[in-house]
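These notes are about the structure you will find just below.
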2 protein chains.
Amino acid sequence: MSNPSEYFKSAASVDNVIFGFDDTDLKVLLIRRGEEPFYGDWALPGDLIAPNENIITAANRILYDLTGLENVYLEQVMTFGEVDRHPKGRVFTIAYFSLVNIKRVFPKASSFANEVSWKTVSEVDQLAFDHLKIMNTCLSRLQTNLRLKPIGFELLPERFTLTELQQLYESVLRKELDKRNFRKKIIKMNIVKDLNVYQTGVAHRPARLYSFDEESYQQALKEGITFEI
Amino acid sequence: MSNPSEYFKSAASVDNVIFGFDDTDLKVLLIRRGEEPFYGDWALPGDLIAPNENIITAANRILYDLTGLENVYLEQVMTFGEVDRHPKGRVFTIAYFSLVNIKRVFPKASSFANEVSWKTVSEVDQLAFDHLKIMNTCLSRLQTNLRLKPIGFELLPERFTLTELQQLYESVLRKELDKRNFRKKIIKMNIVKDLNVYQTGVAHRPARLYSFDEESYQQALKEGITFEI
DNA sequence: CCAAAAGTGTTGTTAGTACACCCATGG
DNA sequence: CCATGGGTGTACTAACAACACTTTTGG
């Protein structure tokens, strides 16, 4: 730190990869930028961290401003800070991903976003800044952790069918799974509660509804069970 | 970004948790600070990132300056940026860990460090700043990844015995392992080469020496084999 | 010849994988 | 009565866990 003033000239931001699941596809919540640079391009929601704001607070703020949600699963993934990644100066961006129940989100446009929309992750091929790289890094991390920790439930409504859970895993991991084996594994893990309640109004045999078992779930989260799928 | 000048006043640094292994214990390379704040305290090696320097470049620079080593395993873990973590201003620090062959390191003091020394990880209970938290976060990550990826070899000399490898795993994971089962697993994974060379000058039956098989190793690294130990 | 660590197989148990048919409902 | 997805069991295979004695060297 030979000349400190040279160093205290960078900014830090949080970019948040908000994942949701809509019964068939993994989605990501994107904004269309309402200001330069990259005016009009799709981008990850994010913002600079205020001088007296902690990182996790900023991450929660971005999520809350866009979705109105609090107490959501949020995981720090990686910091990106290539010298030329931002045209306005040196900006280190700390990438988070979050998992939300898509039906609870009613996205609203804001001062920095003209438009907000859920996009299918596998169809996103261009974003402002280095956001595509950031999104893909977060996707890899989600895929890894989905197999090691029981975090899939965060993407589902409170009551779900085992088929919905299986579709979520298949969609995120991009791999087909055997129905009977999947169910055996989930049941044996002891992290779902059978509610003894059934779907209604479906044109086929109604499925049982489950919720996750909060206590066993917290236990399993800590232990980071191996969920080899 | 209502008033950009307010935001571009923070600094970014890299702190590097350099792990080594000395036949029995997992070690970490620490420096004794030669300047304020925390003058005289033990700390992680780290430095501010220069205005035109990339993050990974800074991480490699810190490692090189302290150890003379290049092309070393380096993994970004997490960014810490509590508002009050640094008394001189807002400093976001990006934590890395690296794995080095301890016998290749001849640590040298530098402008910012009075003293450099290997400390046993399990005995470190106080460090400058929030460095203890950073070290422990990196240790957890190492423990997780040691079980999922074949990175243990990075801590050993080129030629090693299977017993040395086992001791490394036991020491890092803090768990005793069965000798026969451990060997079976390692051999079956196909990532070590039997050199058909033996230890000399030991007061017991000499052990076979192995090196890791670079090609199979790179393959396994990509796949992130499950190495359930 | 003693001390020290190296090296080696088998068996029982558990988890993983592959696979096909009947059931309950709405239209 | 048809279409749709729900729900269930078994047999084979692979991986894991537990466990004890003989070998080779230096001193």
Side-chain angles (χ1 to χ4, degrees), chain A residues 21-25 146-148 150 156-157 159-171 173 175-211 220 223-229, chain B residues 21-25 146-148 150 156-157 159-171 173 175-211 220 223-229:
Chain A
F21 182 68
D22 76 348
D23 294 343
T24 44
D25 291 308
L146 195 64
R147 305 176 84 220
L148 300 173
L156 293 177
R159 301 165 158 213
F160 50 86
T161 69
L162 293 185
T163 300
E164 284 165 357
L165 184 61
Q166 182 177 344
Q167 281 167 339
L168 162 61
Y169 273 85
E170 289 181 334
S171 169
L173 302 176
K175 187 183 172 188
E176 294 207 346
L177 303 172
D178 179 90
K179 183 162 61 161
R180 278 172 289 193
N181 294 340
F182 180 82
R183 285 165 182 242
K184 258 183 292 185
K185 228 178 280 187
I186 296 292
I187 299 296
K188 198 173 43 177
M189 283 169 76
N190 203 36
I191 54 173
V192 291
K193 264 203 299 258
D194 184 346
L195 297 171
N196 284 306
V197 171
Y198 296 81
Q199 283 180 316
T200 52
V202 288
H204 55 77
R205 177 172 172 179
R208 279 173 176 269
L209 295 174
Y210 293 80
S211 66
E223 291 169 9
I225 36 159
T226 301
F227 186 76
E228 188 59 38
I229 270 179
Chain B
F21 182 69
D22 77 347
D23 294 343
T24 45
D25 291 310
L146 195 65
R147 304 176 85 222
L148 300 172
L156 293 176
R159 299 164 159 216
F160 51 87
T161 69
L162 293 185
T163 301
E164 285 166 357
L165 185 61
Q166 183 178 345
Q167 281 168 341
L168 161 62
Y169 273 86
E170 289 181 333
S171 170
L173 301 177
K175 186 182 173 190
E176 294 206 347
L177 303 171
D178 179 89
K179 183 159 63 159
R180 279 172 288 192
N181 293 340
F182 181 81
R183 285 164 181 243
K184 258 182 290 185
K185 228 178 279 186
I186 296 292
I187 299 295
K188 198 173 43 177
M189 284 169 75
N190 202 38
I191 53 174
V192 292
K193 263 203 297 260
D194 184 345
L195 296 170
N196 284 306
V197 172
Y198 297 81
Q199 283 180 316
T200 52
V202 288
H204 55 78
R205 177 170 171 180
R208 279 173 176 270
L209 295 174
Y210 293 80
S211 66
E223 290 169 10
I225 35 161
T226 302
F227 186 76
E228 187 58 36
I229 273 180

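Residue numbering restarts at 1 for every chain, and letters A, B, ... go by the order of the sequence lines. All values reported here derive from a predicted model rather than from experimental measurement.
Distance alone, capped at 3.5 Å, is enough to place a donor-acceptor pair between the A:Gln199 side chain and the A:Ala207 backbone. Between the side chain of A:Gln166 and the backbone N or O of A:Phe182 there is no donor-acceptor pair closer than 3.5 Å.
For the pair B:Phe182 CZ and D:dC16 P, the computed distance is 13 Å after rounding to whole Å. Rounded to an integer number of Å, the gap from NE2 of B:His204 to P of D:dG27 is 11 Å. For the pair A:Lys179 NZ and C:dC23 P, the interatomic distance rounds to 14 Å; values are reported in whole Å. One can place CG of A:Leu165 at 15 Å from C1' of D:dG6, the figure rounded to the nearest angstrom. One atom, CZ of B:Arg205, and another, C1' of D:dG27, lie 19 Å apart when rounded to the nearest Å. Rounding to whole angstrom units, CZ of residue B:Arg180 and P of D:dA18 are separated by 12 Å. What separates CG of A:Asn181 from P of D:dT13 is a distance of 16 Å, to the nearest Å. Here the P atom of nucleotide C:dG26 and the OH atom of A:Tyr198 are 14 Å apart, to the nearest Å.
The minimum heavy-atom distance linking A:Leu177 with A:Glu170 is given by the pair N-OE2, 2.8 Å.
Between B:Arg183 and C:dG7 there is a side-chain polar atom (N or O) within less than 4.0 angstrom of OP1 or OP2. The phosphate of C:dA6 (OP1 or OP2) has a side-chain N or O of B:Thr163 nearer than 4.0 angstrom.
If you check distances only, the side chain of A:Lys185 never reaches the base of C:dG16 with a donor-acceptor pair under 3.5 Å. No donor-acceptor contact under 3.5 Å links the side chain of A:Lys184 to the base of C:dG16.
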Starting from the C-alpha separation in whole Å, work towards a yes-or-no answer on side-chain hydrogen bond (donor to acceptor under 3.5 Å, both in side chains) for A:Tyr198 and A:Arg208. CA-CA 5 Å; A:Tyr198 296 81; A:Arg208 279 173 176 269; 3.1 Å; yes
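Positionally, the nearest nucleotide of DNA chain C for A:Asp178 lies more toward the 5' end than for the other of A:Pro206 and A:Asp178.
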